[in-house]
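Below is one structure, written out as structure tokens, with a few remarks after it.
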Amino acid sequence: MSNAKVLPLLEPEAVAPCCPPLTERAMSANEAEAAAKMFKALGDPVRLRLFSAVASAEGGEACVCDISDVGVSQPTVSHHLKKLKEAGLLSSERRGTWVYYRVEPSVLAAMGALLGGSAREA
């Protein structure tokens, strides 16, 4: 008889959009602060490449071992992944010796909502 326990699956936390679409109304100071944190994290080319690698990975997640070839050292990759996590853009899970990263669909939806909306005609 096995002593293995079946653990319940946890639903990913929903990420509320930080602010309304840019074309809807002017942002408040708090909304601008939240959006700036996200854009600052994505403002570095290495971070943007890492975020893109995770977002486009088959199965919706990527092992750090598969995305670390971005032209910088492994400690620098870890630093950039940490910054993306701190900005709320990535989540991670350790499996044995490897860490797997994922972009929750709600994060992409929140980003899309912020940048969405129709552009006003000049």
Side-chain angles (χ1 to χ4, degrees):
M1 184 163 181
S2 173
N3 289 337
K5 294 181 181 179
V6 176
L7 298 175
L9 293 176
L10 299 176
E11 292 297 320
E13 291 182 30
V15 175
C18 70
C19 22
L22 293 174
T23 56
E24 185 176 301
R25 64 170 171 79
M27 287 182 175
S28 70
N30 289 340
E31 291 168 339
E33 189 73 32
K37 184 178 178 182
M38 175 186 67
F39 286 123
K40 184 176 180 180
L42 292 174
D44 182 279
V46 173
R47 288 185 202 144
L48 189 55
R49 287 183 65 199
L50 289 167
F51 183 79
S52 175
V54 173
S56 64
E58 188 174 328
E61 66 180 11
C63 176
V64 70
C65 60
D66 294 328
I67 61 172
S68 60
D69 186 20
V70 290
V72 296
S73 67
Q74 178 56 47
T76 303
V77 168
S78 294
H79 167 76
H80 286 305
L81 289 169
K82 178 183 174 187
K83 292 295 183 183
L84 290 167
K85 281 184 63 176
E86 288 173 351
L89 298 173
L90 293 180
S91 60
S92 66
E93 177 184 356
R94 178 172 292 281
R95 297 181 196 156
T97 58
W98 298 111
V99 178
Y100 288 79
Y101 291 88
R102 77 186 65 67
V103 177
E104 298 297 345
S106 57
V107 169
L108 293 176
M111 290 172 64
L114 171 64
L115 297 173
S118 58
R120 295 182 185 165
E121 295 195 25

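Only heavy atoms go into these numbers, but all of them, side chains included; no hydrogens, no water, no symmetry mates.
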- If you look at every heavy atom in Val77 and Ser68, which pair is closest and at what distance? CG2-O, 3.7 Å
- Message: If you apply the rule side chain to side chain contact (heavy atoms under 4.5 Å, CB included), what do you find for Met38 with Leu114, and how did you get there?
- Response: CA-CA 11 Å; Met38 175 186 67; Leu114 171 64; 3.5 Å; yes
- Message: Determine whether a donor-acceptor pair (N or O, by modelled atom type, separation under 3.5 Å) exists between the side chain of Arg49 and the backbone of Val70.
- Response: yes
- Item | Spacing of NZ belonging to Lys82 relative to OG belonging to Ser92, to within rounding of 0.5 Å | 12.0 Å
- Indicate the atoms forming the closest heavy-atom contact of Tyr101 with Val54, along with that distance. O-CG1, 3.5 Å
- Taking all heavy atoms of Ala62 and all of Ala53, pick out the closest pair and write down the distance. CB-O, 4.5 Å
- Side-chain heavy-atom pair Met111, Leu42 within 4.5 angstrom cut-off: yes
- Message: Less than 4.5 Å apart, side chain to side chain, heavy atoms only: is that true for Lys85 and Leu81?
- Response: no
- Item | Euclidean distance, Asp44 CG relative to Phe51 CZ, rounded to 0.5 Å | 14.0 Å
- Message: Within the 4.5 Å heavy-atom criterion, are Leu84 and Leu50 side-chain neighbours or not?
- Response: yes
- Item | Minimum heavy-atom distance Cys63-Cys65, with the two atoms named | SG-SG, 2.5 Å
- Please name the pair of heavy atoms, one in Arg47 and one in Lys40, separated by the smallest distance, quoted to 0.1 Å. NH1-O, 3.8 Å
- Over all heavy atoms of both residues, which pair between Met27 and Ala32 is shortest? Give the atoms and the distance, please. SD-CA, 3.6 Å
- Item | Any donor-acceptor N/O pair, Ser78 side chain to Gln74 backbone, under 3.5 Å | yes
- Message: Does any part of the side chain of Glu86, heavy atoms only, come nearer than 4.5 Å to the side chain of Lys83, both counted from C-beta?
- Response: yes
